[in-house]
Amino acid sequence: KVGGTFLAMKGSKGEEEFNKTGSEAKKLGLVLKEVKKEDLPSGEGSRQNFFFLKENKTPNCYPRPWATILKKPLL
């Protein structure tokens with residue numbers, strides 16, 4: 001919903017994933033507002049939480065059919 005917040009909870013490679021797909025978020029009307037990095041207890045790794053603001057309506061071509069997603073991924 002426009003004006004809402006979307007949270008993407010990612011692992012330690014979250015920033016790397018975002019660098020590959022960040023432009024795709026714009027197509028969906030999302031703007032990255034904040035990234036929070038946190039270490040898990042007992043040295044079990046780290047997590048990254050990406051907070052997006054929904055600024056624009058999602059284009060009518062989304063969601064895409066599953067067959068299209070498999071043939072032409074956004075990456």
Side-chain angles (χ1 to χ4, degrees):
K1 181 177 176 179
V2 173
T5 300
F6 170 69
L7 168 61
M9 298 171 19
K10 307 302 287 179
S12 60
K13 295 185 180 186
E15 198 166 336
E16 181 182 322
E17 291 177 24
F18 178 74
N19 290 335
K20 289 181 183 177
T21 62
S23 63
E24 303 303 328
K26 290 179 186 177
K27 290 181 184 178
L28 300 173
L30 299 170
V31 175
L32 181 63
K33 289 297 179 183
E34 184 178 7
V35 178
K36 288 187 178 180
K37 297 178 182 180
E38 304 202 18
D39 292 321
L40 296 175
S42 303
E44 293 185 32
S46 63
R47 297 293 181 264
Q48 298 177 35
N49 295 320
F50 289 74
F51 293 86
F52 294 88
L53 176 64
K54 180 73 169 171
E55 288 191 338
N56 299 308
K57 197 174 171 189
T58 302
N60 289 332
C61 61
Y62 297 101
R64 300 179 310 149
W66 183 247
T68 303
I69 293 169
L70 292 175
K71 289 179 187 174
K72 296 181 182 180
L74 294 178
L75 301 177

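Sequential numbering from 1 along the given sequence is applied to the chain's residues.
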S.K.: Give, for atom CD1 of Ile69 and atom OH of Tyr62, the distance between the pair rounded to the nearest 0.5 Å.
M.R.: 10.0 Å
S.K.: Rounded to the nearest 0.5 Å, how far does CG of Asn56 lie from NZ of Lys27?
M.R.: 14.5 Å
S.K.: Distance check, rounded to the nearest 0.5 Å: Lys37 atom NZ versus Phe50 atom CZ?
M.R.: 7.5 Å
S.K.: For the side chain of Arg64 and the backbone of Lys72, is there at least one donor-acceptor N/O pair under 3.5 Å apart?
M.R.: yes
S.K.: Can you measure from CE (Met9) to CG (Asn49) and round to the nearest 0.5 angstrom?
M.R.: 6.0 Å
S.K.: In terms of hydrophobic clusters joined by side-chain contacts under 4.5 Å, are Val35 and Leu30 together?
M.R.: yes
S.K.: Can you tell me how far OG1 of Thr5 sits from CD of Glu34, rounded to the nearest 0.5 angstrom?
M.R.: 10.0 Å
S.K.: Looking at every non-hydrogen atom in both residues, tell me the closest pair between Glu55 and Val2 and how far apart they are.
M.R.: O-CG1, 3.6 Å
S.K.: Do Leu53 and Phe18 share a hydrophobic cluster, counting only Ile, Leu, Val, Met, Phe, Trp and Tyr and linking them when any side-chain heavy atoms are less than 4.5 Å apart?
M.R.: no
S.K.: Taking all non-hydrogen atoms of both residues into account, name the closest pair between Gln48 and Ser12 and its distance.
M.R.: NE2-O, 3.0 Å
S.K.: Checking salt bridge (Lys or Arg N to Asp or Glu O under 4.0 Å) between Lys10 and each of Glu17, Glu16, Glu15, which is the one that passes?
M.R.: Glu17
S.K.: Taking all non-hydrogen atoms of both residues, which atom of Ala25 and which atom of Phe52 are closest, and how far apart?
M.R.: CB-CE2, 4.1 Å
S.K.: Under the 3.5 angstrom rule, does the side chain of Lys54 hit a backbone N or O of Leu28 as a donor-acceptor pair?
M.R.: yes
